[in-house]
A.B. asks: 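Sharing a structure with you now.
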Amino acid sequence: MTTVRDIRERAHLETEPVTMLTAYDATTASVLEEVGIDMILVGDSAGDTALGYDSTLPVTYDEIRSRSAAVARAADDALVVADMPFLSVGVDESESIRNCGRLLKEAGVDAVKIESGDHTVELTERLVELGIPVMAHVGLTPQRVKELGYEKQGTGEGDAERILDLAVRHEAAGAFSIVLEHVPAELAAEITAELDIPTIGIGAGPDCDGQVLVVDDVLGLSERSPPFARRFASLREEMRDAAAAYREAVESGSFPDDGADSDGTEAG
Ligand code: KIV
């Protein structure tokens with residue numbers, strides 16, 4: 001079982017970087033578990049992928065809670081982190097704390113991730129005091145798509161300083177690690193050197209302590225991927241071919257076979 005302390009201790013180590021991928025269901029989580037991925041993020045990127053919304057904004061607390069519970073049931077070793085969806089934190093302190101705590105208590109996750117801003121520093125401190133581990137997230141924060149779009153962040157000097165300062169304040173508040181999304185590699189390297197907690201990069205260059213990607217992009221399921229993602233397989237094409245082959249087999253009458261089960265062996 002991977003703990004928050006295990007992850008925290010992986011900052012600045014000469015050993016392998018921390019690996020993190022998203023998952024939104026038990027099947028995917030069990031595969032990530034089999035190959036030894038360190039952390040599984042039940043990201044609100046479920047909005048752009050599994051849930052079919054056109055951004056992360058419509059994702060609800062109940063959608064994340066249900067998917068987090070499915071992932072947590074399938075993951076014994078990996079650290080499971082639930083992403084707090086838009087407006088589930090930040091409006092009211094006690095509601096924010098309760099929403100985060102219920103994901104540990106009812107869904108069985110190990111930590112929560114919160115898209116960071118000035119308003120999440122005190123909240124992070126309070127959550128950590130209560131025993132709710134927090135992963136911070138700076139740079140491109142997709143819940144601010146209406147304000148920022150999906151552009152790379154931290155390209156200007158003032159903006160880079162603001163992001164570094166936010167990262168430092170969240171570390172001081174007790175965050176156990178921090179996602180750096182779509183920022184220049186030099187800024188990510190500077191933040192990584194400045195902090196004692198591990199930085200987990202996505203579109204932030206090679207110098208972070210770990211890397212995270214959306215699993216649909218890695219598996220080649222997404223129709224569109226961000227420029228920094230890499231496809232490691234072409235599952236969309238494989239799924240389409242399998243579904244088309246099934247349709248053809250049923251329509252042509254070649255499936256099911258009389259007396260044969262689905263893998264072609266004779267039924268007993
Ligand atoms: O929701 C998500 O998948 C994320 C990662 C991209 C870091 O926040």
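Just so you know, ligand 1 is whichever comes first in the structure, and atom 1 is the first atom listed for that ligand. Here, residue 1 is the first one in the sequence, and each next residue gets the next number.
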A.B. asks: Any idea which atoms of ligand 1 are less than 4.0 Å away from a heavy-atom of Thr22?
C.D. replies: 3 (O)

A.B. asks: State whether the number of non-hydrogen atoms from other residues, nucleotides or ligands found under 6.0 Å of Glu129 atom CD is greater than 12.
C.D. replies: yes

A.B. asks: More than 12 heavy atoms of other residues, nucleotides or ligands under 6.0 Å from CG of Asp54: is that the case?
C.D. replies: no

A.B. asks: So between Leu41, Val215, Ile64, whose heavy atom ends up nearest atom 5 (C) of ligand 1?
C.D. replies: Leu41

A.B. asks: When you measure from atom 6 (C) of ligand 1 to every protein heavy atom, which one gives the shortest distance, and what is it?
C.D. replies: Ile202 CD1, 3.5 Å

A.B. asks: Could you note down all residue pairs passing side chain to side chain donor-acceptor pair (under 3.5 Å) where residues 65-79 supplies at least one of them, sequence neighbours left out?
C.D. replies: Asp62-Arg65

A.B. asks: Tell me whether the count of non-hydrogen atoms from other residues, nucleotides or ligands lying under 6.0 Å of CZ in Phe232 goes above 12.
C.D. replies: yes

A.B. asks: Can an N or O of Asp44 be found at a distance shorter than 3.5 Å from an N or O of ligand 1?
C.D. replies: yes

A.B. asks: Less than 4.0 Å is my threshold; does some heavy atom of Glu115 fall inside it relative to ligand 1?
C.D. replies: no

A.B. asks: With the threshold set at 4.0 Å, does a side-chain nitrogen-carboxylate oxygen contact exist between Asp165 and Arg169?
C.D. replies: yes

A.B. asks: Taking only heavy atoms of His137 into account, list the atoms of ligand 1 that are under 4.0 Å away from them.
C.D. replies: 8 (O)

A.B. asks: How about Ser45 and Asp48: does a side-chain donor come under 3.5 Å of a side-chain acceptor?
C.D. replies: no

A.B. asks: Number the atoms of ligand 1 from 1 as they appear, then name those within less than 4.0 Å of a heavy atom of Gly43, with their elements.
C.D. replies: 1 (O), 2 (C), 3 (O)

A.B. asks: Going by distance only, is there an N or O of Asp83 that falls short of 3.5 Å from an N or O of ligand 1?
C.D. replies: yes

A.B. asks: Only heavy atoms of Lys113, strictly under 4.0 Å: list the atoms of ligand 1 that pass.
C.D. replies: 8 (O)

A.B. asks: Can an N or O of Ser45 be found at a distance shorter than 3.5 Å from an N or O of ligand 1?
C.D. replies: yes

A.B. asks: Salt-bridge test for Arg231 and Glu237: reply yes if a basic N is under 4.0 Å from a carboxylate O, no otherwise.
C.D. replies: yes

